Amino acid sequence: MAVRVRFAPSPSGDLHVGNARTALFNWLFARKEGGQFILRIEDTDRQRSTPEAIAAILDSLAWLGLDWDEGPGVGGPKGPYQQSLRLDSYRELGDRLLREGNAYWCYSSPEELEEERRQLLESGGRKRPHADRSLTAEQRGAREATGVKPSLRFAVPDLGGDLAFEDLVRGEIRVPMAEIGDFNLIKSDGTPMYNFAAVVDDHGMGITHVLRGEDGISNTPRQLLLYRALGWEPPRFGHMSFILGPDHGKLSKSHGDTSIGDFKARGYLPEALVNYLVLLGLGGHGEGSEVLDRERMKGMFSVEAMVKNPAIFDYGKLQFLNAHYLREMPPARLLETARPFLRAAGVEAEEGWLGRALDLAKGQAVLLADLPRELDFFFREPEPAAGEAAAVLAGEAGRKALAGLVKTLASSPFPRDADEAKAFFKRAQAEAQVKGKDFFMPVRLALTGREHGPELVRLLPLMKPEDCARRARKHLEA
RNA sequence: GUCCCCAUCGUCCAGAGGCCCAGGACACGGCCCUUUCAAGGCUGAAACACGGGUUCGAAUCCCGUUGGGGACGCCA
């Protein structure tokens, strides 16, 4: 049977890295097995779901390069792929459960439920069927007459013993039946609860494997009970652990960026993020480099390789990967990718030149957002040198080097490429009677105002001759 | 409180009883390369949470302790 997996986010905000990894693993699984990857929006909570969040999630998924075979925007035979549009099926199945004695109306108010919960926690006791389960027709009528809208509650069968299932990543998991209390299926406003909607939709959409976060573990027994009551074959379940912050707590804003939109805005590359996320929860990447392309990821993905221990998010490693992919990026693509960041920083220049300049700057950058800063000295006069830099410029070798540069600038054609620049610097060094580091450092300092940067032979051809002359002379006259 | 899950270098991952005085990647230190910084190459330091078993032999299996995470919603 073909693998059908799904990613089912609830649109209450942008896509979190943890969820992005869940989506990625499902996508990888489907692609590896030649199955389908389905996207379903779980927007039954009207309070929290927003159209903006749906758009943001779709956007983030697309940015990561995770395309879905069925779902919003692309449709499919099992749609609609948005729970708020499938209310009829939940109602219908709810009726069936009610008819067959597997569900009942619950009239407790939120306050009453709160109190029941409090008592349960306090007593540390086992879950018991909710009182309303044994309401007589008369009592129900009386409650009905007061006008309260009931919710539909599942009557957990008294199976005794443990409920066990084989988790794809953790092996057998068993929980005492006594731990499972009657849970709500449909709210009094007619919208379904998560466990119910997920089961109805997973079955309705022919899902074969459910790969989700570890918070799904405790929901699985309840869902299994629903499959049983409905007479359906359940999918296979696999639960991956969470991604935690450096303090072993929940990964939050205080640790750094957490949503895909954040990473994008900060100047991370999708290939770096995807590569990193794969490293975070998958074992089996052999020895040597951990830089992986999509094909390599697809090839190495397997449910068996999914790791069950929680992982701590390491921004440092992500940055290493990002810097790597940035360096590898071909000039034309880099220009396109960097454009929004350049625009935001007010950098404007001729395309051909900009492409070459970025190709140099990328070697010094970690994030796309670092790029404008690396281009800075092309457009702005360097700050006056201070400290050690000033000493280098004012020293004997420094003055000689700059004098040689000025002379050569006046006597030779300005270099247009690295080869010409090499020859140009050779002449300047001969002129100055200074070479090597003693020559290049003052030149770099005078021209760019920085001690570090790309090779000068590649840099010089991108500069304006008049800027070079002026900046060099300024230090000679000082 | 009850239940569930997890436990190898600072971090991510190898390790499915002898191949391990534990291997790779990031970060960190050193050296090389080099006009600088990076990149690259070589190299160093760095871990089997603890306690009991099982076994000729345990990072690997079992039990317990400790620590971390999760669930117990008319949230998903």
Side-chain angles (χ1 to χ4, degrees), chain A residues 8-12 42-45 47-49 83 106 108-110 113-114 117 120-127 149-153 167 169-170 173-176 178-181 183-195 197-198 212-222 239 241-242 244 246-250 276 279-291 304-305 307-321 323-324 327 362-366 425 429 435-445 448 450-457:
Chain A
S10 70
S12 53
E42 307 217 324
D43 60 345
T44 53
D45 188 337
Q47 307 295 318
R48 302 192 217 185
S49 301
Q83 291 186 328
C106 173
S108 293
S109 68
L113 289 171
E114 179 61 37
R117 205 158 32 239
L120 182 77
L121 243 45
E122 204 168 70
S123 64
R126 296 284 155 117
K127 315 283 191 292
K149 284 249 181 288
S151 64
L152 189 67
R153 202 169 273 277
D167 189 282
V169 349
R170 290 157 205 268
I173 292 178
R174 50 174 59 240
V175 359
E179 284 297 320
I180 309 170
F183 55 93
N184 223 176
L185 261 19
I186 297 181
K187 304 175 214 173
S188 54
D189 68 2
T191 56
M193 290 288 288
Y194 164 74
N195 280 124
R212 65 194 353 175
E214 91 180 302
D215 47 344
I217 294 179
S218 53
N219 287 315
T220 307
R222 280 187 271 273
H239 296 93
S241 293
F242 288 125
L244 306 177
D247 56 1
H248 292 252
K250 222 170 112 190
Y276 180 62
L279 255 23
L280 214 43
L282 264 198
H285 33 90
E287 316 243 302
S289 173
E290 290 186 331
V291 175
E304 294 72 39
V307 157
K308 54 188 172 182
N309 21 336
I312 287 161
F313 198 88
D314 181 0
Y315 289 91
K317 189 152 181 175
L318 207 213
Q319 284 172 1
F320 159 78
L321 255 6
H324 171 84
R327 282 194 305 271
K362 71 183 186 184
Q364 316 294 124
V366 171
F425 279 133
Q429 285 181 322
K435 52 183 185 172
K437 189 188 289 191
D438 291 338
F439 172 81
F440 284 105
M441 189 45 85
V443 169
R444 175 183 300 282
L445 249 16
T448 71
R450 305 178 177 202
E451 334 180 21
H452 310 304
E455 279 180 290
L456 284 170
V457 291

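Naming: A, B, ... by sequence-line order, numbering from 1 per chain. Remember, it's a predicted structure, so these values are computed and weren't measured experimentally.
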**Q** Can any side-chain N or O of Ser188(A) pair as donor or acceptor with the backbone N or O of Ser151(A) at less than 3.5 Å?
**A** no
**Q** Are Ser218(A) and His239(A) close enough that some pair of their side-chain heavy atoms sits under 4.5 Å apart?
**A** no
**Q** Between atom CD in Gln319(A) and atom C1' in A27(B), what is the gap in whole Å?
**A** 11 Å
**Q** Test side chain to side chain contact (heavy atoms under 4.5 Å, CB included) on His248(A) and Ile312(A) and set out the steps.
**A** CA-CA 7 Å; His248(A) 292 252; Ile312(A) 287 161; 3.3 Å; yes
**Q** Closer than 3.5 angstrom, by distance alone: can the side chain of Thr448(A) be matched with the main-chain N or O of Arg450(A) as a donor-acceptor pair?
**A** yes
**Q** Of the candidate nucleotides A71(B), C3(B), C6(B), which contains the atom at the shortest distance from the side chain of Pro176(A)?
**A** C3(B)
**Q** What integer number of Å spans the P atoms of U34(B) and C26(B)?
**A** 23 Å
**Q** Expressed in whole Å, how much space separates the P atoms belonging to A25(B) and G18(B)?
**A** 24 Å
**Q** Under a 3.5 Å cut-off for both contacts, is U2(B) paired Watson-Crick or G-U wobble with anything, and if yes, with which nucleotide?
**A** A71(B)
**Q** Send over the distance from Glu214(A) CD to A7(B) P, rounded to a whole Å.
**A** 11 Å
**Q** I want to check one thing: is the phosphate of G70(B), taken as OP1 and OP2, less than 4.0 Å away from some side-chain N or O of Lys250(A)?
**A** no
**Q** Quick one: is A76(B) close enough that its OP1 or OP2 comes under 4.0 Å of any side-chain N or O from Lys187(A)?
**A** yes
**Q** Do Asp189(A) and Lys187(A) come within less than 4.5 Å of each other through their side chains, counting heavy atoms only?
**A** yes
**Q** Where the side chain of Glu290(A) is concerned, which of U11(B), G70(B), A25(B) is the nearest nucleotide?
**A** A25(B)
**Q** Figure out the CZ/P separation between Phe183(A) and A76(B), and round it to whole Å.
**A** 13 Å
**Q** Nearest nucleotide by nearest heavy atom, which residue falls closer to the 5' end of RNA chain B, Ser151(A) or Asp215(A)?
**A** Asp215(A)
**Q** Between G69(B), U35(B), A76(B), which nucleotide has the shortest distance from any of its atoms to the side chain of Met193(A)?
**A** A76(B)
**Q** State which of U11(B), C74(B), A76(B) makes the closest approach to the side chain of Ser10(A).
**A** A76(B)
**Q** Between CG of Leu152(A) and CG of Asn184(A), what distance do you get to the nearest 0.5 Å?
**A** 7.5 Å
**Q** Let's test this: given Watson-Crick or G-U wobble pairing with both distances under 3.5 Å, identify the partner of U55(B).
**A** none
**Q** For residues Phe313(A) and Tyr276(A), establish whether the separation of their ring centroids is below 6.0 Å.
**A** yes
**Q** Picking from C5(B), A39(B), C74(B), which would you name as closest to the side chain of Arg327(A)?
**A** A39(B)
**Q** Taking for each residue the nucleotide of RNA chain B with the nearest heavy atom, is it Asp45(A) or Pro454(A) whose nucleotide lies nearer the 5' end?
**A** Pro454(A)
**Q** Round to a whole Å and report the spacing from CZ of Arg48(A) to P of C75(B).
**A** 8 Å
**Q** Distance check, C1' atoms only: C12(B) and C3(B), in whole angstrom units.
**A** 30 Å
**Q** Do Thr220(A) and Arg212(A) come close enough that some side-chain heavy atom pair is under 4.5 Å?
**A** yes
**Q** Of all the choices, U36(B), C4(B), A76(B), which nucleotide is nearest to the side chain of His452(A) once you look at every atom?
**A** U36(B)
**Q** By the 4.0 Å heavy-atom rule, please label Ser188(A) as base, sugar-phosphate, or nothing.
**A** base
**Q** Assign Arg450(A) to base, sugar-phosphate, or nothing according to its heavy-atom contacts below 4.0 angstrom with the strands shown.
**A** nothing
**Q** Reckon Arg117(A) has a side-chain N or O less than 4.0 Å from the OP1 or OP2 of C74(B)?
**A** yes
**Q** When rounded to the nearest Å, what value does the distance between C1' atoms of G40(B) and C61(B) take?
**A** 44 Å
**Q** Looking at Tyr194(A) and Thr44(A), would you say the former's side chain and the latter's main chain have a donor-acceptor pair under 3.5 Å?
**A** no
**Q** Any base atoms under 4.0 Å from Leu113(A), or only sugar-phosphate, or nothing? Heavy atoms, all strands.
**A** base
**Q** So what does Pro246(A) touch, heavy atoms closer than 4.0 Å: a base, only the sugar-phosphate, or nothing?
**A** nothing
**Q** Look at the side chain of Val175(A) and decide which nucleotide, out of C4(B), C6(B), C74(B), has an atom nearest to it.
**A** C4(B)
**Q** Take atom C1' in A49(B) and the same atom in G67(B), then report the distance between them in whole Å.
**A** 8 Å
**Q** Given atom CZ of Phe440(A) and atom P of A38(B), what is their separation to the nearest angstrom?
**A** 19 Å
**Q** Rounded to whole angstroms, how far apart are CG on Leu445(A) and P on C37(B)?
**A** 13 Å
**Q** Looking for any heavy atom pair under 4.0 Å, which part of the strands does Gln364(A) touch: base, sugar-phosphate only, or nothing?
**A** base
**Q** Take atom CG of Asp167(A) and atom C1' of C6(B), then tell me their distance rounded to the nearest Å.
**A** 12 Å
**Q** Could you check which of A25(B), A76(B), C6(B) has an atom nearest any side-chain atom of Lys317(A)?
**A** A25(B)
**Q** Regarding Gly316(A), tell me which of base, sugar-phosphate or nothing describes its non-hydrogen contacts under 4.0 Å with the strands shown.
**A** sugar-phosphate
**Q** Report which part of the nucleic acid Pro110(A) touches: base, sugar-phosphate, or nothing (heavy-atom distance under 4.0 Å, all strands).
**A** nothing
**Q** Figure out the CG/P separation between Leu280(A) and A25(B), and round it to whole Å.
**A** 18 Å
**Q** Looking for any heavy atom pair under 4.0 Å, which part of the strands does Thr44(A) touch: base, sugar-phosphate only, or nothing?
**A** sugar-phosphate
**Q** A27(B) and A38(B): how far apart are their C1' atoms, nearest whole angstrom?
**A** 16 Å
**Q** For A46(B), give the paired nucleotide (Watson-Crick: N1-N3 plus N6-O4 or O6-N4; G-U: N1-O2 and O6-N3; both under 3.5 Å), or none.
**A** none
**Q** Using a heavy-atom cut-off of under 4.0 Å over every strand shown, decide if Asn219(A) touches base, sugar-phosphate, or nothing.
**A** base
**Q** With sugar-phosphate meaning primed atoms plus P, OP1 and OP2, does Phe439(A) contact a base, only sugar-phosphate, or nothing at under 4.0 Å between heavy atoms?
**A** nothing
**Q** Contact class for Pro192(A) (heavy atom, under 4.0 Å): base, sugar-phosphate, or nothing?
**A** sugar-phosphate
**Q** Does Arg212(A) reach a base, just sugar-phosphate, or nothing at all? Heavy atoms under 4.0 Å.
**A** nothing
**Q** Which one is paired to A25(B), where only Watson-Crick or G-U wobble pairs with both distances under 3.5 angstrom count?
**A** U11(B)
**Q** Would a distance-only check, ignoring hydrogens and angles, find a side-chain to backbone donor-acceptor pair under 3.5 Å from Arg48(A) to Asp43(A)?
**A** no
**Q** Give the nucleotide from the list C6(B), C5(B), U35(B) with an atom nearest to the side chain of Ile173(A).
**A** C5(B)
**Q** For G23(B) versus C9(B), give the span between their C1' atoms, rounded off to a whole number of Å.
**A** 11 Å
**Q** Write down the partner of G40(B) under the Watson-Crick or G-U wobble criteria, each distance required to be under 3.5 Å.
**A** C32(B)
**Q** Looking only at side-chain atoms of Phe320(A), point me to the closest of U35(B), C26(B), G68(B).
**A** C26(B)
**Q** Would you mind classifying the nucleic acid contact of Val457(A) as base, sugar-phosphate or nothing, using non-hydrogen atoms under 4.0 angstrom?
**A** base
**Q** Has the side chain of Glu114(A) got a donor or acceptor atom sitting under 3.5 Å from an opposite partner on the base of G73(B)?
**A** no
**Q** In whole angstrom, give me the gap between the C1' atoms of G30(B) and U55(B).
**A** 44 Å
